[in-house]
Amino acid sequence: MVKSGHFFAALPENGAEEAIEPLAQWPGVRIERIVSRGQASPPGFWYDQDGTEWVILLAGSAALLFEGESAPRVLRPGDYVEIPPHARHRVEWTDADAPTIWLAVHSKSTD
């Protein structure tokens with residue numbers, strides 16, 4: 001079956017949580033649309049994922065902080081980051097005035 005859609009259609013309304021929408025999934029790979037509206041990681045929380053994540057910011061702005069770095073990386077539309085497994089990181093902030101829209105590709109070894 002052929003699936004299609006519009007990436008920027010039907011954006012979720014403001015909410016307390018980020019909206020994560022799975023777009024496609026195959027063995028070892030998951031693709032998501034993430035919409036943030038001012039959310040950030042809770043104080044003291046760090047993502048520590050088993051697989052690689054490749055993420056591109058398509059709208060809005062955000063800052064990611066990686067453990068061991070002195071300052072967050074500010075992302076604007078078109079900026080991407082490849083996050084290796086177990087690279088501890090957190091979302092310091094996302095744009096509170098406009099939707100921040102991410103495309104995330106998660107991969108995990110199928111060995």
Side-chain angles (χ1 to χ4, degrees):
M1 173 198 298
V2 175
K3 295 181 182 179
S4 65
H6 191 284
F7 193 79
F8 296 104
L11 294 179
E13 298 296 321
N14 289 343
E17 302 290 326
E18 287 183 316
I20 301 172
E21 178 184 355
L23 299 176
Q25 188 164 338
W26 303 278
V29 177
R30 185 176 76 252
I31 301 173
E32 301 170 331
R33 177 180 77 173
I34 303 169
V35 180
S36 310
R37 295 179 182 263
Q39 287 89 1
S41 299
F45 175 83
W46 293 88
Y47 289 98
D48 185 352
Q49 300 165 168
D50 290 334
T52 298
E53 179 179 5
W54 184 90
V55 62
I56 185 168
L57 195 95
L58 299 175
S61 58
L64 296 178
L65 179 64
F66 287 84
E67 187 174 54
E69 294 186 352
S70 60
R73 298 175 187 220
V74 176
L75 304 178
R76 306 261 182 240
D79 292 335
Y80 68 88
V81 179
E82 182 176 324
I83 305 169
H86 301 292
R88 287 171 45 101
H89 62 286
R90 52 182 284 108
V91 178
E92 288 291 289
W93 55 263
T94 60
D95 194 330
D97 298 323
T100 297
I101 304 172
W102 317 72
L103 174 66
V105 180
H106 301 269
S107 68
K108 204 170 186 183
S109 175
T110 56
D111 295 344

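Everything numeric in this text was worked out from a predicted model, so none of it was measured. Start at 1 with the first residue, then count along the sequence.
Contact annotation: the side chain of H106 never approaches that of K108 to less than 4.5 Å [non-hydrogen atoms, C-beta and beyond]. At least one side-chain heavy atom of L58 sits under 4.5 Å from a side-chain heavy atom of I56.
Criterion: ILVMFWY side-chain heavy atoms under 4.5 Å apart, direct or through other members. Under it, V55 and L103 are not part of a common hydrophobic cluster. The hydrophobic cluster containing L57 also contains L64, counting ILVMFWY residues as joined when their side-chain heavy atoms lie under 4.5 angstrom apart, directly or transitively.
For S41, the side chain to side chain contact (heavy atoms under 4.5 Å, CB included) partners are F45, Y47, R90, V91, not counting sequence neighbours. With sequence neighbours left out, the salt bridge (Lys or Arg N to Asp or Glu O under 4.0 Å) criterion links E69 to R73. Residues satisfying the side chain to side chain contact (heavy atoms under 4.5 Å, CB included) test with P85, not counting sequence neighbours, are T52. By the side chain to side chain contact (heavy atoms under 4.5 Å, CB included) test, P72 is found to be paired with A63, L65, E92, residues two or more places apart in sequence or in another chain being considered. E18 meets the salt bridge (Lys or Arg N to Asp or Glu O under 4.0 Å) test with no other residue; sequence neighbours excluded. For the side chain to side chain contact (heavy atoms under 4.5 Å, CB included) test, residues two or more places apart in sequence or in another chain that qualify with R88 are W46, D48, E67.
Residue V74 belongs to a hydrophobic cluster whose other members are W93, with links defined by side-chain heavy atoms closer than 4.5 Å.
Heavy-atom minimum distance, A104 versus I34: CB-CD1, 3.9 Å. Here the closest non-hydrogen pair linking P77 and A59 is CG-CA, 4.0 Å. Closest approach of D95 to D97, counting heavy atoms only: OD1-N, 2.7 Å. Contact record, T100 with G60: OG1-CA, 3.9 Å, taken as the closest heavy-atom pair. In plain terms, the two heavy atoms of T94 and A62 that are nearest each other are CG2-CB, 3.9 Å.
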Going by atom type alone, with no hydrogens or angles, which donor-acceptor pairs under 3.5 Å involve a side-chain atom of residues 20-28 and a protein atom two or more places apart or on another chain?
unit_1, atom_1, unit_2, atom_2, d
E21, OE1, R33, NE, 3.3
E21, OE1, R33, NH2, 2.8

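Legend: side-chain hydrogen bond (donor to acceptor under 3.5 Å, both in side chains) pairs involving residues 3-17, not counting sequence neighbours, sorted by first then second residue: N14-R37. Counting only residues at least two apart or in different chains, ring-ring contact (aromatic ring centres under 6.0 Å, His included) contacts with residues 50-78 comprise W54-Y80, F66-H89.
For E53 (side chain) and V81 (main-chain N/O), no donor-acceptor pair under 3.5 Å exists by modelled atom type.
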